[in-house]
**Q** 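There's a structure below that I have some questions on.
All values below were derived from every heavy atom in this structure, side-chain atoms included, with hydrogens, water molecules and symmetry-related copies excluded.
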Amino acid sequence: MAADFLVSLAAILFTLSLLPGSTSLPTTVGATYSASTVATYGTPPAPDRVARAVSSLGLSALRLDASDPAMIRAFLYSNTSLLLTIPNQLVPPLASNRSNALRWLYIHVIPFYPRTNIGTISVGNDLLESSPDFFTFLLPAIRNLRLSLQDLGIHRISVSTTFSFINVITTAFPPSNARFQEPAVDTVIRPLLRFLRDTNSSFLINLYPYNLYKMRSEIPIGFPLFQEHPFGFREDLTTGVRYRNLFDMMVDAVISAMAVTGYENIPVIVTETGWPSYSTDPAEIDANPVYAEMYIKGLLFHLRSGKGTPLRREGVAETYIYELLDKQVRQGRNWGILYPNLTSKYKEIQYSGSDCRGFFDILIMAVGQFLVFALLAW
């Protein structure tokens, strides 16, 4: 009977190891298609070419920081989820009149949804820094857009806005000390978090370990690049948590800041993250393709592991790599994962994660193989 039990158990384990869907990333991974980069092109890539490039990379999502209807149309009937962005200059008109929100939706959403998978709309991008005079309009604009979606019978598109980590969080370490910047915390962020909780929406944040690394000279290069070493950690003495990469530390700083305001369970979407592969500034020696590839590989491996962050086991809901394309005219930094001709810059990176088995899958196969050999020796 013991032999029969072992045979049955081995069969079950091997069957589980072959189930489809076990290789997908726990976190949705996408890229940002940046209007500022596309503006460096004499003739921007055709939307259908961009859509094919996204599909060939295996990315499951794309963030459009300028929601061009032609680009949205290119993703009709695809499996790619889109995160649309409303430009900052449109925030005051959307706040003043709901008909303006409806007009935007009739141009950018109604002709395509649900044939195009639109998951989230961000009302503005880093508005508190780039357009601080508009902050009083932000929440009314968000509410008007949400009400307009409901008027149209659309309930599965969430509405939020995007912040920049450096411009909205007081400190990254220790994460337990992180707070939202004043006066935004009371005038904008706390009411926004209440709205996000009530509408089951996410907090959107642009989060760059590279930028924080450049600001803090004491951070060793391996820490933002996911290079784990026996003593390569920083400990938050308040929580007793050890951090082994800068990405987790920054995400948990956001989570801690939300918890202090009383909203600790709101999902987090990282709308921009990445590492530059080139810079026209000769002092930026860390902006190179070797480090950029290390960062993206480390990020994907970390997201693929399903470990989440120390303060949030499920981690972030979505992560968008900045950015899809390199500039065609070299100026400033280049962040793209594709060259201007739409060929892949990093040949060894698998963005879909289809080449990697999860830890649980490996455990199942190992146990199953052990049982088979045990039976053979019975």
Side-chain angles (χ1 to χ4, degrees), residues 20-21 23-38 41 44-86 104-105 107-123 125 149 154-160 162 201-202 204 206 267-274 296 299-300 303-304 315-326 335-346 349-356:
T23 59
S24 62
L25 287 167
T27 299
T28 297
V29 174
T32 291
Y33 188 70
S34 173
S36 60
T37 291
V38 174
Y41 287 66
D48 61 327
R49 290 189 64 208
V50 174
R52 287 197 297 270
V54 170
S55 177
S56 67
L57 286 172
L59 294 168
S60 56
L62 186 70
R63 174 175 172 260
L64 301 176
D65 71 2
S67 302
D68 177 12
M71 188 62 66
I72 300 171
R73 184 184 301 278
F75 288 89
L76 288 171
Y77 304 109
S78 76
N79 293 324
T80 305
S81 174
L82 298 185
L83 193 158
L84 307 184
T85 306
I86 296 177
W104 190 90
L105 291 172
I107 295 172
H108 298 86
V109 175
I110 299 303
F112 317 112
Y113 184 82
R115 295 170 298 160
T116 297
N117 180 12
I118 301 171
T120 303
I121 299 174
S122 174
V123 179
N125 180 29
L149 285 167
I154 299 174
H155 303 285
R156 294 188 178 182
I157 298 178
S158 63
V159 181
S160 188
T162 303
S201 301
S202 301
L204 313 183
N206 298 335
V268 173
I269 291 177
V270 176
T271 39
E272 291 181 14
T273 191
I296 296 171
L299 174 69
L300 293 174
L303 297 175
R304 189 175 288 132
V316 295
E318 302 171 25
T319 300
Y320 292 83
I321 299 169
Y322 188 87
E323 60 184 324
L324 186 67
L325 281 177
D326 265 346
W335 302 77
I337 58 177
L338 295 178
Y339 290 115
N341 63 1
L342 297 182
T343 59
S344 181
K345 186 184 294 183
Y346 309 113
I349 296 179
Q350 299 291 329
Y351 297 93
S352 66
S354 59
D355 65 331
C356 180

**Q** For P340 and Y41, which heavy atoms make the closest approach, and how far apart are they?
**A**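 Closest heavy-atom pair between P340 and Y41: CA-OH, 3.2 Å.
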**Q** Would you compute the distance between atom OH of Y346 and atom CG of L57 and round it to the nearest 0.5 angstrom?
**A**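 It comes to 12.0 Å.
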**Q** Is the shortest side-chain heavy-atom distance between T28 and S81 below 4.5 Å?
**A** no
**Q** So how far is it from I349 CD1 to I296 CD1, rounded to the nearest 0.5 Å?
**A** 4.5 Å
**Q** Between L300 and Q350, which heavy-atom pair has the shortest distance, and what is it?
**A**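 Looks like CD1-O, 4.0 Å.
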**Q** For the residue pair N341 and R49, what are the closest heavy atoms and their distance?
**A**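 Shortest heavy-atom separation between N341 and R49 comes out as O-NH2, 3.5 Å.
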**Q** Please name the pair of heavy atoms, one in Y320 and one in A31, separated by the smallest distance, quoted to 0.1 Å.
**A**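 Nearest pair, atom of Y320 first, then A31: CD2-O, 3.6 Å.
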**Q** How many angstroms lie between OG1 in T271 and CG in L83, if you round to the nearest 0.5 Å?
**A** 7.5 Å
**Q** Looking at side-chain heavy atoms only, is the closest gap between I337 and Y351 below 4.5 Å?
**A** yes
**Q** Side-chain donor-acceptor pairs under 3.5 Å in residues 112-119, sequence neighbours left out?
**A**
from	atom 1	to	atom 2	distance (Å)
R115	NH2	P111	O	2.3
T116	OG1	I72	O	3.4

**Q** Please report the shortest heavy-atom distance between S201 and S158, naming the atom on each side.
**A**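 Where S201 meets S158 most closely, the heavy atoms are OG-CB, 3.4 Å.
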**Q** Using the side-chain contact (heavy atoms from CB on, under 4.5 Å) rule, take L59 and S352 through it: C-alpha gap first, then chi angles, then the decisive distance, then the call.
**A** CA-CA 6 Å; L59 294 168; S352 66; over 6 Å; no
**Q** Side chains of W104 and I121: does their closest heavy-atom pair fall under 4.5 Å?
**A**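 Yes - at least one pair of side-chain heavy atoms lies under 4.5 Å apart.
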**Q** Is the number of heavy atoms from other residues, nucleotides or ligands within 6.0 Å of CG (N79) greater than 12?
**A** no
**Q** With a 4.5 Å cut-off on side-chain heavy atoms, are V270 and T27 touching?
**A**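 Sidechains of V270 and T27: no contact.
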**Q** Can you tell me which residue pairs pass the side chain to side chain donor-acceptor pair (under 3.5 Å) test with a partner in residues 50-78, sequence neighbours excluded?
**A** T32-R63, S34-D65, D48-R52, R63-N125, R63-E272
**Q** Strictly by modelled atom types, are T162 and S122 linked by a side-chain donor-acceptor pair under 3.5 Å?
**A**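 A donor-acceptor contact under 3.5 Å links the two side chains.
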**Q** Check whether any side-chain N or O of T319 sits under 3.5 Å from a backbone N or O of V29 as a donor-acceptor pair, and report yes or no.
**A**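 Here the side-chain-to-backbone pair does not exist.
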**Q** Quick check against the 3.5 Å criterion: does S160 have a side-chain atom that pairs as donor or acceptor with the backbone of S202?
**A** yes
**Q** Nearest 0.5 Å please: distance from the CG atom of L149 over to the CD1 atom of I110.
**A** 7.5 Å
**Q** Working to the nearest 0.5 angstrom, can you tell me the gap between L84 CG and L62 CG?
**A**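 Reported to 0.5 Å precision, the distance equals 9.5 Å.
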**Q** Rounded to the nearest 0.5 Å, how far does CG of D326 lie from NZ of K345?
**A**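 K345 NZ to D326 CG: 3.5 Å, rounded to 0.5 Å.
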**Q** Taking all non-hydrogen atoms of both residues into account, name the closest pair between L342 and P45 and its distance.
**A** CD1-CB, 4.2 Å
